[in-house]
Engineer: 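My structure is below; once you've seen it, I'll send some questions.
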Amino acid sequence: MTELTVDEPEDRQRTPRRLMANPRTVAEAEAVQDRLRPLVDLVGPGPTTPRRVAGLDVAYAEDGQRLVAAVVVLDARTLAVVDSAVVAGRVAFDYVPGLFAFRELPTLLEALDRLTTQPDLLVCDGHGFAHPRRFGLACHLGVLTGLPAIGVGKTPLVGQWDAPAEQRGSWSPLRDGPETVGRVLRTQDGVKPVFVSVGHRMDLDNACARVLASSPRYRLPETTRQADQLCRTALAARIVDGLD
DNA sequence: GCGACAG
DNA sequence: ATCTTGTCGC
């Protein structure tokens, strides 16, 4: 299902081993990020009018070890759900700010592999370029799948910014030192803004345009909301194999 | 040395 | 992320 594997039918659902490094220590994890970082395409410009947009999210079980990942594909124009996948898994790494992606990556990739419909944009729950080593979850998912990706965070990880105007669509640059790493974007009038950053094969302007187009009514994009609802429901009702 | 720190 | 009660507002 991923672009990187289309030439290997017998292996089409597996991300190449050379990119699947599963670190066991903080040093190894940071090394993986530094190695993949050069593969990120920050220019894009990415699809201005994508057909299908995917939202990804994860819900954690009570023990904090098991989790359920969900991917929901929406029609970019109507925002109607056209496909989805839910997978149960295990936390693959302890939570460390900056290494968050390693916790959910294996299960999220598995869920992406189970889609029937190929999305042309991934909207990730977390940051992309707005990361200490400029390689957050959105960059990681983008590079591993080869798909355009953007990161939408609810809270900051790095950078400083000025509050954007209260109107929907207003934004201010998110800067980490001298460089702009993302934007603080107001998706609804008078509502707390979100943190948008490039993941892969997209420019920042387009990334913000896509986020706004996906958030007609609420603070978070419909993609994120649908994915959140799906994995949360699947976990609570245990309607997913491999749990318990 | 002391905070901050995606989900 | 998840644990948690009520509360203000559409």
Side-chain angles (χ1 to χ4, degrees), chain A residues 23 26 29-30 32-33 36-37 40 55-72 86-109 111 122-144 149-161 166 168 174-177 181-185 187-200 204 207 211 216-221 223-238 240 243:
Chain A
V26 167
E30 293 178 338
V32 170
Q33 294 181 326
L36 298 182
R37 156 89 185 77
V40 175
L56 307 84
D57 194 25
V58 165
Y60 291 80
E62 310 70 34
D63 60 14
Q65 286 303 303
R66 293 168 300 168
L67 54 77
V68 174
V71 181
V72 176
V86 192
V87 174
R90 274 193 159 274
V91 166
F93 204 86
D94 288 327
Y95 175 67
V96 178
L99 300 180
F100 160 69
F102 293 100
R103 291 172 71 74
E104 319 183 331
L105 220 37
T107 314
L108 283 173
L109 289 171
L122 303 180
V123 178
C124 309
D125 193 3
H127 300 98
F129 191 69
H131 174 278
R133 280 171 300 285
R134 307 292 181 260
F135 196 74
L137 175 65
C139 297
H140 212 140
L141 278 168
V143 167
L144 295 189
I150 60 184
V152 180
K154 296 182 284 294
T155 61
L157 173 60
V158 296
Q160 37 278 150
W161 66 96
E166 293 298 318
R168 163 181 155 86
L174 175 61
R175 296 200 185 80
D176 192 10
V181 297
R183 275 181 198 169
V184 181
L185 177 68
T187 54
Q188 296 299 325
D189 291 358
V191 168
K192 188 201 298 187
V194 297
F195 299 77
V196 179
S197 60
V198 171
H200 187 50
L204 193 49
V211 170
R217 167 110 202 247
Y218 300 99
R219 180 196 177 213
L220 299 178
T223 38
T224 300
R225 301 184 72 251
Q226 293 293 337
D228 178 79
Q229 203 246 38
L230 180 54
C231 61
R232 215 179 277 237
T233 301
L235 174 64
R238 293 302 196 264
V240 53
L243 218 58

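The figures that follow rest on heavy atoms only: side chains count, while hydrogens, waters and symmetry mates do not. To find a chain, count down the sequence lines: A is the first, B the second, and so on, and within it residues start at 1. Since the model is a prediction, treat every value here as computed from it, not as a measurement.
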Engineer: Would you kindly give the CG-to-C1' distance between Asp228(A) and dT2(C), to the nearest whole Å?
Structural biologist: 13 Å
Engineer: Within a reach of under 6.0 Å around CG of Asp63(A), are more than 12 heavy atoms found that belong to other residues, nucleotides or ligands?
Structural biologist: yes
Engineer: What do you reckon, are the aromatic ring centroids of His140(A) and Phe102(A) less than 6.0 Å apart?
Structural biologist: yes
Engineer: Write down the distance between CG (Asp189(A)) and C1' (dC10(C)), rounded to a whole number of angstrom.
Structural biologist: 15 Å
Engineer: Decide yes or no for Leu235(A) and Leu67(A): does some side-chain heavy atom of the first lie under 4.5 Å from some side-chain heavy atom of the second?
Structural biologist: no
Engineer: Side-chain contact test, heavy atoms from C-beta onward, threshold under 4.5 Å: evaluate it for Leu220(A) versus Thr187(A) and give yes or no.
Structural biologist: no
Engineer: Where along nucleotides 1-7 of chain B does protein come under 4.0 Å, by heavy atom, of base (B) or sugar-phosphate alone (S), with - for untouched nucleotides?
Structural biologist: ----BBB
Engineer: Please determine if Lys154(A) and Asp125(A) form a salt bridge, counting it only when a charged side-chain N lies under 4.0 Å from a carboxylate O.
Structural biologist: yes
Engineer: Could you spell out the base pairing of DNA chain B in dot-bracket, with Watson-Crick or G-U pairs whose two distances are under 3.5 Å, [ ] crossing and | to another strand?
Structural biologist: .......
Engineer: Using a strict 4.0 Å threshold on nitrogen-to-oxygen distance, state whether Arg232(A) and Asp57(A) make a salt bridge.
Structural biologist: no
Engineer: Minimum heavy-atom separation for Val181(A) and Ser197(A), please, with both atom names.
Structural biologist: O-CB, 3.5 Å
Engineer: Would you please enumerate the stems DNA chain C participates in, each stem being three or more consecutive Watson-Crick or G-U wobble pairs with both distances under 3.5 Å?
Structural biologist: none
Engineer: Calculate the interatomic distance between Leu67(A) atom CG and dT2(C) atom C1'; express it in whole Å.
Structural biologist: 13 Å
Engineer: Write down the atom of Arg103(A), the atom of Tyr95(A), and the distance for their closest heavy-atom approach.
Structural biologist: NH1-N, 2.9 Å
Engineer: Please name the residue in the list Leu174(A), Val198(A), Ile150(A) that meets the side-chain contact (heavy atoms from CB on, under 4.5 Å) test with Leu204(A).
Structural biologist: Val198(A)
Engineer: Any idea which heavy atoms bring Ala69(A) and Leu108(A) closest together, and the distance?
Structural biologist: CB-CD2, 3.9 Å
